[in-house]
Amino acid sequence: MTSRLQAYVVFGFLAAFLLVSSCVSVEKKEQPNIILFLVDDMGWQDTSVPFWTEKTPYNEIYNTPGMERLASEGMMFTQAYATSVCSPTRISLMSGMNAARHRVTNWTLKRNVSQDGKSKILDYPQWNVNGVQATDTIERSTHATLLPQILKNNGYYTIHCGKAHFGAVGTPAADPVNCGFDVNIAGHAAGGLGSYLGTKNFGNKEQGAHTLPWGVPGLEKYHGDSIFITEALTREAIQAMNVAHQKNKPFYLYMSHYAIHVPLEADRRFYQKYIDKGLPESEAMYASMIEAMDQSLVDLMKYLDSEGIAENTIVLFMSDNGGFSLHPRSGKQHTHNKPLNSGKGSAYEGGIREPMIVKWPGKVRPKTKCDDYLIIEDFYPTILEMAGVNDYKTVQPIDGKSFVPMLKGKGTTARERDLFWHFPNNWGPTGPGIGATSTIRSGDWKLIYWYKDQSYELFNIQDDIGELSDLAEQEPEKVKELSKKLGNYLRSVNAQRPILKSSGQKVPWPDETL
């Protein structure tokens with residue numbers, strides 16, 4: 001072979017190599033980073049961003065510049081729904097299933113132990129108290145192909161940071177690593193924490209130790225420090241994203257804050273400003289926790305900017321259930337989510353409607369708003385579609401519908417679709433809309449079926465966002481129509497029902513009492 005021919009051959013191989021390398025680089029760039037920023041117990045009004053048609057007094061109280069920036073760069077959803085308590089939401093998020101199907105219908109903690117309260121009227125079904133599992137070997141759990149595992153299988157570096165609450169103590173899913181995450185930061189079986197304060201070791205009795213069930217694990221290096229857990233988690237999340245960046249891999253960060261779940265504790269970075277505003281101590285503590293959560297969002301976005309990856313990173317903001325509104329933080333119970341009725345644990349809007357924002361650079365127009373409704377299980381197929389993962393198989397049926405068409409302004413999944421909630425349980429606390437119920441949202445109409453006395457409430461949400469006017473007696477045909485839809489759906493997923501103590505029989509389906 002002549003030297004000239006050899007040179008041509010070498011040049012050809014080099015050109016081919018560069019072309020392949022270029023294609024790989026483009027392919028990686030097209031696979032976006034994804035941050036799912038999930039807040040615990042954040043209500044629709046716990047922000048300076050108005051999700052209604054007008055600003056409310058609550059929007060004037062709180063300071064959330066991170067959410068304001070995210071809304072200016074993305075799309076707000078005014079009718080985004082979760083479930084009324086945390087575990088059902090988180091299992092729907094991880095599995096793509098509606099709670100009626102996956103049967104993790106109340107909050108989980110101890111293995112094989114139900115957290116249901118007591119009732120003189122009802123006994124409660126044998127629901128999946130052990131949560132969701134990636135294996136089919138755990139009793140009283142739902143077996144599913146989990147969202148982070150699919151992302152991991154498709155090249156993502158998967159990071160869990162904060163509250164997990166996927167599986168009961170002693171089950172595999174108590175550790176997020178067994179759910180498809182490469183990294184677990186501070187996640188375990190519990191759905192709450194003993195303390196937000198490093199000075200209190202985040203609820204652990206001793207420095208360097210883990211105290212079940214409410215002590216937060218994995219943050220021992222901050223024990224005894226004055227740091228608030230929300231800031232500690234943010235620091236750890238940034239370090240984990242850096243690892244993915246160094247590995248040249250796209251990341252999926254599930255930023256799942258413990259905030260703003262009780263106990264109320266002040267983040268001293270923000271507390272005094274709310275005292276100076278004249279808020280009572282408990283309200284100032286709550287507001288400081290909200291702003292601390294928002295500061296985490298600010299810090300994460302600053303990191304994306306500094307690394308030059310903001311334009312290839314999707315950020316989804318959501319809460320797991322309505323705002324906590326049971327105790328009189330400001331002298332009035334059940335009013336903290338106004339104009340919505342009630343709060344966490346309730347079938348009313350205050351218990352299930354959430355603040356939601358999505359930023360997807362190049363795909364979602366900034367400063368836009370979507371008024372179509374969606375529900376938490378929709379995140380599963382949506383995130384996979386965003387990631388470009390289309391060829392996947394699951395052991396479970398998927399109830400969620402991708403809301404990518406809404407994000408791109410090319411359609412909606414809300415049209416001709418009904419939403420369903422199923423809570424055949426007893427959360428424990430009492431209040432408006434709290435109790436064993438099944439619910440359907442169909443267009444502007446919402447029907448709530450109460451298992452304790454087989455009664456109905458009917459509201460037109462478009463006309464009556466506060467659910468102040470029960471139209472069940474005025475609209476009997478609409479009650480029949482929606483109860484039939486609700487009953488048919490519950491039967492189709494083999495939903496569980498409470499049992500009447502008086503007869504020992506299951507409570508009738510919603511359409512069997514009319």
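The shown structure was predicted, so the numbers you read here are calculated from the model rather than taken from an experiment.
Using a cut-off of 4.0 Å between Lys/Arg side-chain N and Asp/Glu carboxylate O, Lys446 and Asp418 are scored as not salt-bridged. For Lys118 and Asp123, the salt-bridge test fails: no basic side-chain N is under 4.0 Å from an acidic carboxylate O. Ion pairing of Arg269 with Glu291 is absent here, as no side-chain N (NZ or NE/NH1/NH2) approaches a carboxylate O to less than 4.0 Å. A salt bridge links Asp41 with Lys344; the closest basic N to acidic carboxylate O contact falls under 4.0 Å.
Remark: side-chain polar atoms of Asn426 are not paired, donor with acceptor, to backbone N or O of Asp116 under 3.5 angstrom. Under a 3.5 Å cut-off, the side chain of Arg111 and the backbone N or O of Gly170 do form a donor-acceptor pair. Using modelled atom types, one side-chain atom of Asp464 and one backbone atom of Ser469 make a donor-acceptor pair closer than 3.5 Å. Between the side chain of Thr439 and the backbone N or O of Ala347, no donor-acceptor pair lies under 3.5 Å.
Between the side chains of Asn128 and Ser141, not a single donor N or O lies within less than 3.5 Å of an accepting N or O. No donor-acceptor contact under 3.5 angstrom links the side chains of Asn63 and Asp294, judged on distance only. With 3.5 Å as the limit, one finds no donor-acceptor pair spanning the side chains of Gln126 and Arg103. Between the side chains of His422 and Ser438, a donor-acceptor pair is found at a separation under 3.5 Å. No side-chain donor-acceptor contact under 3.5 Å links Gln396 and Thr142. Residues Arg441 and Tyr81 bring a donor and an acceptor atom of their side chains to less than 3.5 Å of each other. Using modelled atom types, one finds a donor on one side chain and an acceptor on the other under 3.5 Å when comparing Thr64 with Thr47. Counted by atom type alone, Glu377 and Asn98 present one or more donor-acceptor pairs between their side chains at under 3.5 Å. No donor-acceptor contact under 3.5 angstrom links the side chains of Gln79 and Asp371, judged on distance only.
The two residues Tyr124 and Gly117 have their closest heavy-atom pair at CE1-O, 3.6 Å. The two residues Ser288 and Ala266 make their nearest non-hydrogen contact at OG-CA, 3.5 Å.
Taking the ring centre of Trp44 as origin, the terminal cationic atom of Arg353 falls inside the region bounded by 6.0 Å and 45° from the ring axis.
Between Tyr449 and Tyr456, the ring-plane angle classifies as tilted under the 30° and 60° cut-offs. Note: Phe166 and Phe181 have parallel aromatic rings, judged against thresholds of 30 and 60 degrees for the angle between ring planes.
Residues Glu349 and Ile461 have side chains in contact (heavy-atom distance under 4.5 Å, counting atoms from C-beta outward). Between Phe77 and Cys370, some side-chain heavy-atom pair lies under the 4.5 Å cut-off.
Aromatic ring centres of Tyr274 and Tyr62: separated by at least 6.0 Å. Aromatic pair Tyr252/His160: ring centres not closer than 6.0 Å. Note: His165 and His188 fail the aromatic proximity criterion, with ring centroids not under 6.0 Å apart.
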